[in-house]
There are 2 protein chains.
Amino acid sequence: MKIGQAARQSGVSPKMIRYYESVGLMRPVARHDNAYRDYSDRDVHELRFIRHARTLGFSVADIAALLSLWRDTSRESHEVHQIAAGHLARLDRQIADLQAMADALRELVRCCHNDARPDCPILTGLSGPSALMR
Amino acid sequence: MKIGQAARQSGVSPKMIRYYESVGLMRPVARHDNAYRDYSDRDVHELRFIRHARTLGFSVADIAALLSLWRDTSRESHEVHQIAAGHLARLDRQIADLQAMADALRELVRCCHNDARPDCPILTGLSGPSALMR
DNA sequence: GCTTGACCTTCCAATCATGGGAAGGTCTAT
DNA sequence: ATAGACCTTCCCATGATTGGAAGGTCAAGC
């Protein structure tokens with residue numbers, strides 16, 4: 001199967017399939033005589049795995065580790081658990097950071113008259129002694 | 001005042017100060033005879049404004065707009081409000097996306113034995129028919 | 001007067017995942 | 001034979017930030 005069909009079946013664009021190969025996430029795949037890449041159902045399966053992992057926000061580096069554990073049927077689940085828990089912690093930290101931003105901003109937005117007057121607490125808050133920045 | 005002192009007083013690194021100037025966020029500042037940039041207290045004030053806005057996650061493009069409204073004392077507060085509300089909406093969407101990721105991942109992590117056995121719901125979930133991907 | 005160290009300058013590169021596009025080769029159907 | 005739908009590789013851009021190289025400037029201490 002050529003790259004286009006593998007892309008359609010896996011939901012990963014041809015561009016990204018080649019990229020994943022170039023960074024060593026996917027092993028170089030077989031080639032036809034005309035140098036076209038040749039994908040098997042197993043490859044497509046692997047691409048779906050990658051897509052799902054990306055959907056959950058795993059980095060390409062994390063996915064490389066997950067893939068090698070996936071291929072190794074004798075892995076120990078705590079190795080997978082560790083990677084996933086680490087990423088989850090990163091996600092939670094990121095969410096907390098964004099939440100803090102959003103809360104501070106929401107308060108400023110709430111205070112703003114939102115009319116034709118020039119007076120604006122949003123600008124005051126941004127220029128001020130960062131009382132609202134915490 | 002030279003760039004280092006402006007950096008210390010504003011909390012913006014010299015690198016970033018030059019970057020903000022290069023992308024047109026800050027207007028080119030006066031220069032000494034030796035080509036060193038020369039910052040005023042007003043410039044430092046502006047840099048702090050930028051830093052606070054970055055802390056709230058505003059893009060450089062948004063900050064450019066906010067800065068020009070900040071400088072224009074006859075602005076109408078609804079213009080500021082619109083930019084801030086737009087960014088807030090983006091933040092909330094981003095948080096919701098990350099939250100969905102984290103929730104799905106948390107469920108997988110919760111199900112994993114986290115021991116020496118090879119059986120692992122995290123890997124199964126990632127390779128599977130994406131039931132847990134929603 | 002000369003060295004040392006702390007500054008400053010500009011320019012280039014890398015990060016991360018993704019997309020756009022050019023230039024060129026290949027296959028299939030008309 | 002030609003059109004168009006593929007494929008290939010290579011380069012570039014994104015956004016904010018950091019790192020580093022190569023070189024200029026200034027002050028203090030010897």
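Convention: sequence-line order gives letters A, B, ...; per-chain numbering from 1. Small disclaimer: the values here were computed from a predicted structure and weren't measured.
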**Prompt:** Can you tell me if the side-chain N/O atoms of S13(A) get under 4.0 Å from OP1 or OP2 in dT18(C)?
**Reply:** no

The nucleotide from dC7(D), dG19(C), dG19(D) with an atom nearest the side chain of K15(B) is dG19(D)

R18(A) has its side chain closest, among dC7(D), dA16(D), dG19(C), to dC7(D)

* **D119(A) and R117(A) ion-paired at < 4.0 Å** => no

Check this one for me: any side-chain N or O of N34(B) less than 4.0 Å away from OP1 or OP2 of dC8(C)? no

- N/O (side chain, R37(A)) to phosphate O (OP1/OP2, dT8(D)) under 4.0 Å: yes

Rounded to whole Å, CD1 of I17(A) lies from P of dC6(D) at a distance of 14 Å

Q. Got a salt bridge between R54(A) and D62(A), using NZ or NE/NH1/NH2 to carboxylate O under 4.0 Å?
A. no

Under 4.0 Å between a side-chain N/O of R31(B) and OP1 or OP2 of dT10(C), yes or no? yes

Of Y36(B) and V60(B), the one whose nearest nucleotide on DNA chain D sits closer to the 5' end is V60(B)

So, is R54(B) close to the dT17(D) phosphate, meaning a side-chain N or O under 4.0 Å from OP1 or OP2? yes

Of the candidates dA17(C), dT17(D), dC7(D), the side chain of K2(A) sits closest to dC7(D)

Rounded to whole Å, CD of E21(A) lies from P of dT18(C) at a distance of 16 Å

Do V60(A) and L98(B) land in one hydrophobic cluster if side-chain heavy atoms of ILVMFWY residues count as linked below 4.5 Å? yes

- Query: Hey, is the side chain of Y20(A) poking within less than 4.0 Å of OP1 or OP2 on dA17(C), counting only N and O atoms?
  - Reply: no

